[in-house]
Amino acid sequence: MSDTSETFTLVITGAPYSSQAPQTALGFAKAAIDAGHSIDRIFLYGDGVHLASALCTPPSDETRWPQEWADFLEQHSIPGIACIASALRRGLVNDTEQKRYQLPAANLLHPFEIAGLGEWVEGRMTSTRTLYFHAGG
Amino acid sequence: MSDTSETFTLVITGAPYSSQAPQTALGFAKAAIDAGHSIDRIFLYGDGVHLASALCTPPSDETRWPQEWADFLEQHSIPGIACIASALRRGLVNDTEQKRYQLPAANLLHPFEIAGLGEWVEGRMTSTRTLYFHAGG
Amino acid sequence: MSSFDTLHILNKSPEHPRAAQCLALLSKGDALLLTENGVLLLSAGRLPAVGKVFALSPDVSARGLGNPVGDVTVVEFGDMVSLSLQAQRVISW
Amino acid sequence: MSSFDTLHILNKSPEHPRAAQCLALLSKGDALLLTENGVLLLSAGRLPAVGKVFALSPDVSARGLGNPVGDVTVVEFGDMVSLSLQAQRVISW
Amino acid sequence: MSTLIMIDQPPYGSWSGREALDMAFSLAAFDQPASLLFTGAGVTWLKRAQDTAGIAQKSVERNLSAAPIFGIEAILADRSACQKYGLDESSLITGVTLVDANGALLEQYDHTAFAG
Amino acid sequence: MSTLIMIDQPPYGSWSGREALDMAFSLAAFDQPASLLFTGAGVTWLKRAQDTAGIAQKSVERNLSAAPIFGIEAILADRSACQKYGLDESSLITGVTLVDANGALLEQYDHTAFAG
């Protein structure tokens, strides 16, 4: 497809089952890989952190977007990072945060991780392009 | 305040930390109780189900809306129901749903419960008024 | 017994398409209650020509719109409860 | 090397205030890519007078807008990747 | 106690329209009269020939065609919004009644609600 | 590599403006030049005398006053949006620069982003 290989950071701010953002971002990410480019990282921000939930259980005839994304990340060894401030406000936590805040459970889907906005800043600096996938409306 | 006692069903469709809906609804609910009325039930629908998360952990200088609502519901023995279809899609589950779908955790905050839209239909029929609290924008 | 036909509760900013829809549907005998971002109509729009207009006090203050001009009544949550009971029906936009 | 100055990606329906903002800011030399609800501009609006217009195929089909008329190019996700690299900068509205 | 469920969001880009439909179906299931009113960009729900294979979502056209079977009284669409989105009888799905979404229409219903 | 963070949502009714501010602060913390541009209803962030005691949220006025200290290069506001919301020099918080939000302005920045 293209002569040179480029890198992308994708920022998703729209939640699954509320916006189409995670779907559109996945379509873009797969096409980028198919074209020989690479995805530096996925950064979930705002309502987008809900994509990293291990507990989303849509009806069996609907796509399970968190799992689709998790499979894609694993297959291509792409880091998927949920912003820690957005995640904590919205009830998305890993084992570490569960212990730190003495919460009754953890619900972060593997291989998603939780980290700060610095991951976004770094992704912007190292990638050829940073694209945002917001909720529509 | 008022001569007669009326009942309200409140439907919340906006998520905390994304919309102001849960705050406005709580202001209304407290004023209704103060005026001698009663709240028949709270029904969480769409993104509103996130209000029933046991894992929301905002910074310590911000209000913890799920806990504020849970305390209010307990104090006045008001049922707080999250729509099961909305909740499952968005990763909000209790012990029963965790077992049914073999999920790694449950994250529903006590005393919220999970039930179907029939609870909304019933609330509409038995209450004097049903009010909706949507996300703004 | 009802003071109003329909109480319209608007929590969207004036640029939201649902705000325009709400204002277009307002009838004589209706009341409009501005809450949340809806109170921005007080600074950025013409208040509707028909119906009585109310605005929720905590939202008015939060957005720095204290002492609004024009034909609007600033109310508390307790009044919101009363208004919802005085109207024959309530629509939350 | 760049084919476009700015690639504007619009995923909001024509009634969303951000759609109007995006269209108002479009400059000569820019490209507009309509995705998700943004493709509804093809049926309910005037396409911008400046800049080149693209629309994402799966979204066009889903909304029943196959074979759109006017000066618009229907593209696939692979083209969206190329467009984002051809532009000097990308703004997601 | 007749209820009007309003949909002003387009399909696919958000879930609120689908959840509005569930509300209407639920009312009908409990023998509560319910109608749907599509306004604004929501009228694009009613376009014929939606092909959702490429976005991995179910077509709302099929959801809507089930409405009469489930006991929904009417599917109403705002005439001016349909015009705005280029929808006429040839491009609308069957079973849609064009109306003017104004105060007089709303007064015919005891309840009016959005899903979000 | 200068970045423009755009805010077009009013404060309090949604969280996206606050999260936009966090993005700008984060860039500044990593020594990346960043400015804020308020457009549309977002300009109401900049109104003086916001009293949030009644809504149990922190005033964004205080968040914004910290912007220069954290290294935000400029707080810009679209002139026509300010007019629309009745904001002039006497009603705006200090430190705001009025601009015309047009294509020429955006071209001065390598990156432009919304928080949601």
Side-chain angles (χ1 to χ4, degrees), chain B residues 6-25 28 40-52 81-92 114-137, chain E residues 1-42 45 52 55-58 60 62-64 66-67 69-73 106-116:
Chain B
E6 309 286 356
T7 60
F8 290 93
T9 288
L10 306 186
V11 181
I12 302 176
T13 70
Y17 312 111
S18 173
S19 81
Q20 205 185 329
Q23 297 172 237
T24 304
F28 184 93
D40 183 79
R41 72 195 74 189
I42 305 297
F43 191 75
L44 308 181
Y45 196 56
D47 290 342
V49 298
H50 291 302
L51 182 60
I81 297 136
C83 168
I84 186 165
S86 300
L88 285 172
R89 275 204 189 86
R90 290 169 178 82
L92 230 283
I114 288 184
L117 270 165
E119 288 281 340
W120 164 69
V121 176
E122 199 181 287
R124 292 171 76 252
M125 290 194 283
T126 55
S127 300
T128 318
R129 286 286 180 277
T130 298
L131 265 79
Y132 297 81
F133 296 87
H134 302 308
Chain E
M1 188 155 118
S2 185
T3 301
L4 187 66
I5 301 291
M6 286 182 75
I7 296 181
D8 65 349
Q9 294 287 310
Y12 313 119
S14 83
W15 254 252
S16 72
R18 287 181 192 275
E19 292 182 319
L21 212 60
D22 285 346
M23 289 168 78
F25 285 176
S26 181
L27 288 171
F30 287 89
D31 292 323
Q32 302 283 309
S35 292
L36 291 163
L37 171 62
F38 292 85
T39 64
W45 266 75
T52 57
I55 61 162
Q57 286 191 37
K58 285 179 288 187
V60 295
R62 266 175 55 198
N63 287 144
L64 268 182
I69 300 158
F70 280 95
I72 304 295
E73 298 203 318
L106 264 60
E107 272 171 29
Q108 297 172 28
Y109 296 87
D110 303 308
H111 293 265
T112 299
F114 292 90

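Every chain is numbered from 1 and lettered A, B, ... according to where its sequence line falls, protein lines coming before strand lines. No experiment lies behind these values; they were computed from the predicted model shown.
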Please output the residues of residues 16-29 of chain E in contact with chain B, using a heavy-atom cutoff of under 4.5 Å, in numerical order.
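Listed by number: E/E19, E/D22, E/M23, E/S26, E/L27.
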
Are there residues of residues 5-15 of chain E whose heavy atoms fall under 4.5 Å of chain B's heavy atoms? If so, which?
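Listed by number, the contacting residues are E/I5, E/W15.
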
Please classify the contact of B/S86 with chain E as side chain, backbone, both or neither, using a heavy-atom distance under 4.5 Å.
both

Who in residues 10-17 of chain B is close to chain E, using a strict under-4.5 Å heavy-atom cut-off?
B/T13

State the CE-CD distance between B/M125 and E/Q32, to the nearest 0.5 angstrom.
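Those atoms lie 4.5 Å apart.
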
Go through the structure and list residues passing side-chain contact (heavy atoms from CB on, under 4.5 Å) with B/E119, not counting sequence neighbours.
B/R41, B/F43, B/I81, B/A115

Closest non-hydrogen atom pair, E/A113 against B/Y132
CB-CZ, 3.6 Å

